[in-house]
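Accompanying notes for the structure given below.
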Amino acid sequence: MTKTRRERLVIGAMFTGLGLTVIATIVPYVDRATTHLLADHIRAGYPTYAPTRIDSAVTTYLVLLSVIGALGVLAWLWTIWAVRAGKRWARPAATVMFVLGASVGLTMLLAKDTSGDTGLPPTLGWVGMAPCLAGLLAVALLWKRQRMV
């Protein structure tokens, strides 16, 4: 693939997704220091939990979300490299990464815990879905047919 306008758009969408992934990884830490959405969500689902148990659950979520974020960053960097290098397998690889990322994002957004509520508060779940929008755009641009002139 030559350095076309479309390839620049794909790379731009991928870097946007990378940035959104970094932001989505940082937001839960900002939440812990400020608004406590996650802690309040856990407290609402488990009103009998002691504060130490809630803090432990928040810490567990932070570790899980950090690992997911780190893997997401690596996936973005790898697919950006593949597209820039013009690898023949870049389109299917980017598509697989998008499907995996969207699946993880939807799982984090929609999965119910034992309280019957979602594991994450909706705000944090939707923040985690934001990189998927950039991924969808990048994959759509990668698979768009070139017009014949």
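For clarity, every value in this text was computed on a predicted model and none was experimentally measured.
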Restricting to non-hydrogen atoms, name the atom on Ala13 and the atom on Ala134 that form the minimum distance, rounded to 0.1 Å. O-CB, 3.4 Å
Provide the closest heavy-atom pair for Arg6 versus Leu141 in the form atom of the first, atom of the second, distance. NH1-O, 3.0 Å
At what distance, to the nearest 0.5 angstrom, does CD1 of Ile11 lie from OG1 of Thr79? 8.0 Å
Kindly work out whether a path of hydrophobic side-chain contacts (I/L/V/M/F/W/Y, heavy atoms less than 4.5 Å apart) joins Tyr61 to Val127. yes
Kindly indicate whether the side chain of Met108, heavy atoms from C-beta on, has any atom under 4.5 Å from the side chain of Leu64. yes
What is the distance from atom CG of Asp31 to atom CD1 of Ile26, rounded to the nearest 0.5 Å? 13.5 Å
Apart from Leu110 itself, members of its ILVMFWY cluster (side-chain separation under 4.5 Å) are Leu106, Leu109, Trp126, Met129
Any side-chain heavy atom of Phe98 within less than 4.5 Å of one from Pro131? no
Are Phe15 and Leu74 in one and the same hydrophobic cluster, where Ile, Leu, Val, Met, Phe, Trp and Tyr link if side-chain heavy atoms are under 4.5 Å apart? no
Could you state the interatomic distance from OG1 (Thr21) to CG (Leu71), rounded to the nearest 0.5 Å? 11.0 Å
Residue pair Glu7 / Arg84: nearest heavy atoms and the distance that separates them: OE2-CA, 3.9 Å
Is there a continuous path of hydrophobic side-chain contacts, each under 4.5 Å between heavy atoms, that joins Met97 to Trp76? no
Do any N or O atoms from the side chain of Tyr29 and from the backbone of Ser66 form a donor-acceptor pair under 3.5 angstrom? no
Kindly compute the distance separating CG (Asp40) from OG1 (Thr35), expressed to the nearest 0.5 Å. 8.0 Å
Could you work out, with side-chain contact (heavy atoms from CB on, under 4.5 Å) as the rule, every residue matching Thr107, not counting sequence neighbours? Ala111
Taking atom CG of Asp55 and atom OG1 of Thr60, what is their separation to the nearest 0.5 Å? 9.5 Å
Could you check if a side-chain atom of Leu100 sits within less than 4.5 angstrom of a side-chain atom of Val96, using non-hydrogen atoms only? yes
Rounded to the nearest 0.5 Å, what separation is found between the CG atom of Leu142 and the CZ atom of Arg91? 7.5 Å
According to a 4.5 Å side-chain heavy-atom criterion applied to Ile, Leu, Val, Met, Phe, Trp and Tyr, with indirect links allowed, do Ile54 and Tyr46 form part of one hydrophobic cluster? yes
For the hydrophobic clusters of this structure (ILVMFWY residues joined by side-chain heavy atoms under 4.5 Å, transitively), does one cluster hold both Leu65 and Val30? no
With a 3.5 Å distance limit and no angle check, can you tell me whether Ser56 reaches the backbone of Thr52 through a side-chain donor-acceptor pair? no
Which pair of heavy atoms, one from Thr59 and one from Arg32, lies closest together, and at what distance? OG1-NH2, 3.1 Å
Would you name the heavy atoms of Gly128 and Ala24 that are closest together and state the gap between them? CA-CB, 4.2 Å
Students often mix this up, so state it plainly: with edges at 30° and 60°, are the rings of Trp78 and Trp89 parallel, tilted or perpendicular? parallel
So does Asp117 get a backbone contact from the side chain of His41, meaning a donor-acceptor N/O pair under 3.5 Å? no
Sequence neighbours excluded - salt bridge (Lys or Arg N to Asp or Glu O under 4.0 Å) pairs with any residue from residues 98-114: none
